[in-house]
Amino acid sequence: MDYLSRYWAFMAKYNVLNAFWVNISLTLAAGALALILGTIAVTMRISPVSSLRLASTFYVNVFRDIPLTVVMVIMASVVWMQLNVSFSNDFHVDFYILAIIGLGIYHSSFIAEALRSGINTVPVGQAEAARGIGLTFLQSTRIVVLPQAFRGSIAPIGNTIIALIKNTTVASVTGVSNETSSTMQAAIEMGPQFIFLIFLTFALGYVIIVIPVGLLSTSLSRRLAVKR
Amino acid sequence: MVDSGSYELFDPVGVEPDFNPDPVAQMINVQKHFGHLHVLKDINLTVNRGEVVVVIGPSGSGKSTLCRTINRLEPIDSGQILIQGKLLPQEGRDLARLRADVGMVFQSFNLFAHMSILDNVTLGPRKARKVPKAKAEAEALALLDRVGIKDQAKKLPAQLSGGQQQRAAIARALAMHPVLMLFDEPTSALDPEMINEVLDVMVSLAKEGMTMIVVTHEMGFARRAADRVVFMSDGLILEEGSPEAFFTTPQTDRAKDFLAKILHH
């Protein structure tokens, strides 16, 4: 008991809740970016223009194949240091935004592939009927194909979001230093006697965040399934 | 509904209308391959305003493909297809505009599965023709009433029977005020007891003067509503004539053989 209260006192020096909030905010921003880029990529992938299809295939395969750590290092040491891409005078803000862009681009490739599998569940007749009543390619994609594809790919999109939640810890590579993995690292260095409890605290925190997302994606994929 | 000013209603039923040659759809020397398979061999076909042309033939004869080339759901290799005298455009906005004028009814209905029946019918007018929502819905309800499923308007397609879905699909096509309706085996996916409710709608459309190209195995429909029967086999149009002449005195062996198989069982 004494050990636990000493651990409690030790952890009070670290703002664990705030660290988790940083990761959650990275997830929300990068997730939104990934959904937008992924939707654009998959729309290009199914478009009648072959150069757009090629560009999308290239984009998805490049960012799906590069390890996330490498993408994030490129963001910090190439985009920020070499190319001097900057969004504000505060480098903390820069690191944060670059982390969102890196995470967003990387996960957009997985969102695009999840959506492509969803599009494959939409019978080709749906798009033919949409074109048959005079909708343009973009109208038929936006109004008829993608809404059904989203409903058919909620489970794999959910998986990608769960991976994203955990992958936000890689933001420490771009210099976001107040997020969970950096906070955990610091705590372990200062209190090695609590190492097991420190691991347990952060692991449990992620489990608590991820479980509802998993439940939500399962229930949504069941409730929103398109009945044919 | 249909533009009643552009053609004569012909009444009494069964009297042959007197066509002025006013071609709505023309196919000129059309060729089409799927890989090595030559599915349309030098097709020439003209459909005049108000005419109902029934295309029949054994499966694999190219009749569905012929139907689908007319609104370019299948591109052709060579030849020309004209709609109201204008060459079928390539992909893009012009093609979308043309497709809005040509109604298409599919074998598998293809109603938008995530939308109510009402939204299915109003989507085209609202998005392709920019009709205001209230006006589009009023017209859609009138059309659904006409095909006998007004009370199903709020339901999703999967909640309707096959016959009701196909009638909704016909209403969706009619909502665009098409100059030509294409039916690609509209009753082939239906349970037998539902075939007539769809055919009745099609017959009434034919009687009102809609220009129609109908790919079907329903010989009863051909007898009741067709002005002309086109018989296809192996990608060729082998015979073309009035239903009466075709069914009683087919000219080719292929047609005789085909009719013997489908009419005597």
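First the proteins, then the strands, lettered A, B, ... as listed; each starts at 1.
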- Heavy-atom nearest pair, B/Asn71 first then A/Gly132, reads ND2-CA, 4.4 Å
- If you tally heavy-atom pairs under 4.5 Å between each of B/Ala96, B/Gly92, B/Ala100 and chain A, the highest tally belongs to B/Ala96
- Heavy-atom pair count under 4.5 Å with chain A, highest-scoring of B/Lys127, B/Met176, B/Met104: B/Lys127
- Query: Would you say the side chain of A/Glu128 lies within less than 4.5 Å of the side chain of B/Arg68, judging by non-hydrogen atoms?
  - Reply: yes
- Item | Contact class of B/Val102 relative to chain A, heavy atoms under 4.5 angstrom | backbone
- Query: Backbone N or O of B/Ala113 within a donor-acceptor pair of the A/Gln126 side chain at under 3.5 Å?
  - Reply: yes
- Query: Is there a side-chain contact between A/Ile133 and B/Arg99 (heavy atoms, below 4.5 Å)?
  - Reply: no
- Message: Can you tell me which portion of B/Arg72 sits under 4.5 Å from chain A's heavy atoms? Options are side chain, backbone, both or neither.
- Response: neither
- Query: Counting only N and O atoms by type, is there a donor-acceptor contact under 3.5 Å from the side chain of A/Gln139 to the main-chain atoms of B/Ala128?
  - Reply: no
- With a 4.5 angstrom heavy-atom cut-off, could you sort out which part of A/Ala127 is near chain B: side chain, backbone, both or neither? neither
- Message: Counting only heavy atoms from other residues, nucleotides and ligands, does the tally under 6.0 Å from CG of A/Asn89 exceed 12?
- Response: no
- Message: Can you tell me which portion of B/Leu98 sits under 4.5 Å from chain A's heavy atoms? Options are side chain, backbone, both or neither.
- Response: neither
- B/His114 side chain vs A/Ile143 backbone, donor-acceptor pair below 3.5 Å: yes
- Task: Indicate the atoms forming the closest heavy-atom contact of B/Phe106 with A/Ala129, along with that distance.
- Result: CE1-CA, 3.7 Å
- Which heavy atom in B/Arg93 sits nearest to a heavy atom in A/Thr136, and how many Å separate them? NH1-CG2, 3.7 Å
- Message: Taking every non-hydrogen pair under 4.5 Å, which of A/Val226, A/Val144, A/Leu224 racks up the most with chain B?
- Response: A/Val144
- Message: So for B/Leu73, is it side chain, backbone, both, or neither that comes closer than 4.5 Å to the heavy atoms of chain A?
- Response: side chain
